[in-house]
Amino acid sequence: MSIVKDMALAPSGRRKISWVRDFMPALSGIEARFEKEQPFAGLRVAVSVHLEAKTANLGYVLSKGGAEVHLTGSNPLSTQDDVAAGLADLGVETFGIHGASAEEYESHLIETLKFKPHLVVDDGGDLIHLLGGKCADLAEHLIGGCEETTTGILRLKAREREGILPCAMMAVNDAKAKHYYDNKYGTGQSVWDAIMHTSNLVVAGKTVVVAGYGWCGKGVAMRASGMGANVIVTEVDPFKALDATMNGFRVMPMDEAAKYGDIFVTVTGCKDVITPRHFEVMKHNAILTNAGHFDCEVDVASLAKMAVKREIRRDNIEGFTLPDGRVLNVIGEGRLVNLAAGNGHPAEIMDMSFSVQALALEWLVKHKDSLEKKVYQVPDEIDDEIGRVKLAAMGLAIDKLTDEQMEYLNGWKA
């Protein structure tokens, strides 16, 4: 039975789900086919992704394809209680409450797994972590699953190297439809939507420090620059740093950038990116945010120890007063800012990412007899199908190679 805050919130949640469905045409097309073909008939699918309207739509589409779906969030601060209630009202077992404690959050993950899933959709690796350890007894029917994030895939590959990956997993984050589109354009827009809405401050004229210049970092830097910010990029990869330089951004170590930034956005997937030595030199009223998956990129715990005072300054903004009187402001507790303080990626963006999830799960079912316990890349045919569907939905068309051109590209003759 679903665990949500209040089923009386269901009408509001259903309105949100209905709205995003109108702007997710690729997934709607997949839903229509799934409903006819029932590729998941008799199968159980556990989903742990940020529990908001686009995710709810994915869960609903999988259920229309014949699956019994249990769905939970991947971050307590991104769970929207009305959406959770609305999805439960649509018949999908849902487990999640906004602001749940760490213990409650884990209990929701475990509830999601109790029906012993055949397939999983993960965002950051929490389900696989449980199925490969504490809840290994619930993994007996596993066929495989999908991972949504860079951080999660790094963890999956580490498990694969150590021989402890519990099932085959698809690297959805590495699909073209995900990193070209979701990571760059989705993160780029949703991060600034959240920062601007939460702070009510202008971006133009400010110095923005973006830590990490992967696909997500590219999007964050691009959007900041487009709004008139002076962008500094910090990196550990020389070629990504060169790329940032060629795109017109200043590049320097965080130790130096910390002195200049008005707004900081970490997008690395690592930990301890902004630490006490950086807090010591930051401007008064600097704003600290994290757009990586886990809340360990900005060392908020150490900042709290350094502070002589902490107070809520606006909804989702906490100010930490340091001994010299400077105040540093943290948005969304240092958690994923576009969801902890915003609505996540736009519906049109998640249309593609969740289409990858749906088709990758179908691929796993079709190939279940030959799967190994390793990380698989999303097949090109899935990526290309989603790209074509999305273009058509946008009223766009592209050229097609002739047979002669294909022969030329695939051959060795000039």
Side-chain angles (χ1 to χ4, degrees), residues 16-35 39-40 45-67 69-75 78-80 83-84 86-87 90 92 94 119-124 127 144-150 152-153 169-187 189-190 293 336 338-339 343-365 378-379 382-391 393-394:
K16 288 183 178 181
I17 296 167
S18 176
W19 171 260
V20 301
R21 281 173 61 80
D22 279 351
F23 296 93
M24 301 178 78
L27 196 59
S28 293
I30 292 169
E31 177 186 346
R33 179 172 65 80
F34 278 5
E35 194 164 10
F40 305 118
V45 182
V47 179
S48 171
V49 183
H50 298 283
L51 211 172
E52 44 81 50
K54 283 86 71 178
T55 299
N57 189 29
L58 172 64
Y60 182 70
V61 167
L62 296 176
S63 72
K64 298 293 278 186
V69 179
H70 281 194
L71 190 146
T72 188
S74 58
N75 183 324
S78 65
T79 293
Q80 297 182 10
V83 171
L87 185 59
L90 287 169
V92 175
T94 307
L119 298 162
V120 298
V121 176
D122 222 349
D123 189 307
L127 293 181
C146 299
E147 171 54 51
E148 176 85 359
T149 67
T150 301
I153 289 173
M169 292 294 293
M170 297 286 282
V172 165
N173 184 75
D174 294 346
K176 288 180 288 187
K178 177 66 164 63
H179 65 252
Y180 284 156
Y181 204 69
D182 176 312
N183 290 0
K184 186 176 182 181
Y185 297 102
T187 304
Q189 178 169 318
S190 63
H293 187 77
L336 194 57
N338 56 343
L339 281 150
N343 289 309
H345 290 357
E348 300 98 327
I349 299 292
M350 294 313 297
D351 185 29
M352 292 186 74
S353 297
F354 285 160
S355 292
V356 179
Q357 296 278 23
L359 295 182
L361 289 178
E362 182 184 34
W363 186 92
L364 288 168
V365 173
V378 174
I382 289 178
D383 252 337
D384 293 343
E385 177 183 347
I386 293 167
R388 285 191 295 269
V389 170
K390 190 66 173 180
L391 279 171
M394 296 172 70

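The shortest non-hydrogen separation linking Leu364 to Cys146 is CD1-SG, 4.5 Å. In terms of heavy atoms, Ala56 sits closest to Val83 at CB-CG1, 3.8 Å. Considering every non-hydrogen atom in both Asp351 and Ala26, the closest pair reads OD2-N, 2.9 Å. Taking both residues in full, the closest heavy atoms of Gly124 and Thr149 are given as N-OG1, 3.4 Å, listed atom of the first, atom of the second, then distance. Here the closest heavy-atom approach between residue Val356 and residue Ala177 is recorded as CG2-CB, 3.6 Å. The two residues Ala171 and Val378 have their closest heavy-atom pair at O-CG2, 3.9 Å.
A side-chain N or O of Asn183 and one of Asn173 form a donor-acceptor pair less than 3.5 Å apart. Side-chain atoms of Thr55 and His50 form no donor-acceptor pair, as typed in the model, at a separation below 3.5 Å. Using modelled atom types, one finds no donor on one side chain facing an acceptor on the other under 3.5 Å when comparing Asp174 with His179. For the residue pair Ser355/Gln357, the side-chain donor-acceptor check at 3.5 Å is not satisfied.
Using a 4.5 Å cut-off on side-chain heavy atoms (C-beta onward), Val172 and Glu147 make no contact. Taking the side chain as every heavy atom from C-beta outward, Asp182 and Met352 never approach each other to under 4.5 Å. The shortest distance between side-chain heavy atoms of Val120 and Met169 falls below 4.5 Å. With a 4.5 Å cut-off on side-chain heavy atoms, Glu348 and Met394 do not count as touching. Annotation: side chain of Ser353 is in contact with side chain of Glu148 (closest heavy-atom distance under 4.5 Å). Taking 4.5 Å as the limit, every side-chain heavy atom of Pro379 sits out of range of all side-chain heavy atoms of Glu385. Using a 4.5 Å heavy-atom cutoff, the side chains of Ile349 and Lys54 are not in contact. Counting heavy atoms from C-beta outward, Met24 and Met350 have side chains that approach closer than 4.5 Å.
Rounding to the nearest 0.5 angstrom, the gap separating the CG atom in Leu361 from the CZ atom in Phe40 is 5.0 Å. Note that the OG atom of Ser63 and the CD atom of Glu31 stand 8.0 Å from one another [nearest 0.5 Å]. From His345, atom NE2 reaches atom OH of Tyr181 across 11.5 Å, with rounding to the nearest 0.5 Å. Remark: His70 NE2 to Ser48 OG distance equals 14.0 Å, nearest 0.5 Å. Once rounded to the nearest 0.5 Å, the distance linking CD1 of Ile30 with CZ of Phe354 reads 12.0 Å. Interatomic distance, Ser74 OG to Leu127 CG, rounded to the nearest 0.5 Å: 9.0 Å.
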**Report entry** Audit row: Leu339, Asn75, side chain to side chain contact (heavy atoms under 4.5 Å, CB included) steps and yes/no
**Finding:** CA-CA 9 Å; Leu339 281 150; Asn75 183 324; over 6 Å; no
**Report entry** Criterion side chain to side chain contact (heavy atoms under 4.5 Å, CB included) on Gln80 and Asn343, from CA distance to verdict
**Finding:** CA-CA 9 Å; Gln80 297 182 10; Asn343 289 309; 3.5 Å; yes
Requested in this report: Please lay out, stage by stage, how Asp384 and Lys176 fare under the test side chain to side chain contact (heavy atoms under 4.5 Å, CB included).
Outcome: CA-CA 9 Å; Asp384 293 343; Lys176 288 180 288 187; 3.2 Å; yes
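One finds a salt bridge joining Lys64 and Glu35 here, because a Lys/Arg side-chain nitrogen approaches an Asp/Glu carboxylate oxygen to under 4.0 Å. Using a 4.0 Å cut-off between charged side-chain N and carboxylate O, Arg33 and Glu362 make a salt bridge. Under the 4.0 Å criterion applied to side-chain N and carboxylate O atoms, Lys178 and Asp383 are not assigned as salt-bridge partners.
The side chain to side chain contact (heavy atoms under 4.5 Å, CB included) test with Val47 is passed by exactly one of Leu62, Thr72, Asp123: Leu62.
A 6.0 Å sphere centred on OH of Tyr185 holds no more than 12 heavy atoms belonging to other residues, nucleotides or ligands.
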